[in-house]
Amino acid sequence: MARVALVTGGTRGIGAAISKALKAAGYKVAANYGGNDAAAEKFKSETDIPVYKWDVSSFDACSEGIKKVEAELGPIDVLINNAGITRDTAFHKMSLEQWSAVINTNLGSLFNMTRPIIEGMRARKFGRIINISSINGQKGQFGQVNYSAAKAGDIGFTKALALETAKAGITVNVICPGYINTEMVQAVPKDVLEKSILPLIPVGRLGEPEEIARTVVFLAADEAGAITGSTLSVNGGQYMA
Ligand SMILES: NC(=O)c1ccc[n+]([C@@H]2O[C@H](COP(=O)([O-])OP(=O)(O)OC[C@H]3O[C@@H](n4cnc5c(N)ncnc54)[C@H](OP(=O)(O)O)[C@@H]3O)[C@@H](O)[C@H]2O)c1
């Protein structure tokens, strides 16, 4: 029987690449998204992967959404906590709303998504939880106190939960992408990218979403049971933690 994988923010950018790679590897995949119906419908028609709309910053919405996915596809074996947002600004100008939106979406979502799923994984003695953090959670970033705090929190969450679930056959790992070639990064002006960003990346190029997806497929495998609590950097050598 194919294992079931749920990818939050799985309809665009890195998440879409993860959803497609898991499907290609033989998983039954569900892709969650937050609000961009047009992108989700396009993704669904191109990939034939079912899409589910709910807000990962709401615990109740996650519990309802997970119930629906499990009713339609079966119990979730693999959870990819990928959905994330930015609300960048210098800290002395940051509003409580900008702080809370990023903390609730990028860190609160790990509780909201994982808590309703973990008991089933424990009972079935199998689970793969893969969290998508960021290089900026490892090293900090100007204008991203909210984002760096949330992404660093994702790493702590991963390590603590990995300890708690190791004996139950559940692994928990975190991937820290560097600059990845998604819409978010494509929006950066070309000269800023060439003069200020690429020189910081030893491999001399952006990462591709498929390179993050490949790492996810590696960690999700049944054969990856001894890899838990690890932080994998996929950043072209930009930061070696
Ligand atoms: N791109 C990079 O260079 C980079 C680098 C390091 C880390 N990351 C991390 O990688 C992850 C994916 O980034 P990306 O660049 O692929 O982002 P993206 O292209 O902006 O896509 C974000 C995805 O998350 C979904 N999402 C956002 N808020 C949500 C919410 N409240 N509830 C449910 N879904 C929500 C979006 O849904 P809609 O389509 O409905 O909006 C979309 O599917 C994020 O956690 C990001 O922080 C990215």
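When a ligand or atom number is given, it counts from 1 through the structure's own listing order. All residue numbers refer to positions in the sequence shown, counting from 1.
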(message) Taking the basic N atoms (NZ, or NE/NH1/NH2) and the acidic carboxylate oxygens, is any pair closer than 4.0 Å for Lys42 and Glu46?
(response) yes
(message) Counting only heavy atoms not in Asp222 (residues, nucleotides, ligands), do more than 12 fall under 6.0 Å from its CG?
(response) yes
(request) Using a strict cut-off of under 4.0 Å between a residue heavy atom and any atom of ligand 1, list the qualifying protein residues by chain and number. (result) Gly9, Thr11, Arg12, Gly13, Ile14, Asn32, Tyr33, Gly34, Gly35, Asn36, Trp54, Asp55, Val56, Asn82, Ala83, Gly84, Ile85, Thr105, Ile132, Ser133, Ser134, Tyr147, Lys151, Pro177, Gly178, Tyr179, Ile180, Thr182, Met184, Val185
(request) Answer yes when Asp37 and Lys53 have at least one side-chain N-carboxylate O distance shorter than 4.0 Å, and no when they do not. (result) yes
(message) Check this for me: does any side-chain nitrogen of one of Lys190 and Glu194 sit under 4.0 Å from a carboxylate oxygen of the other?
(response) yes
(message) For Glu119, is there an ion pair with Arg122 - N to carboxylate O distance below 4.0 angstrom?
(response) no
(message) Does the structure place the NZ or CZ of Arg3 under 6.0 Å from the centre of the six-membered ring of Phe126, at an angle of no more than 45° from the ring's axis?
(response) yes
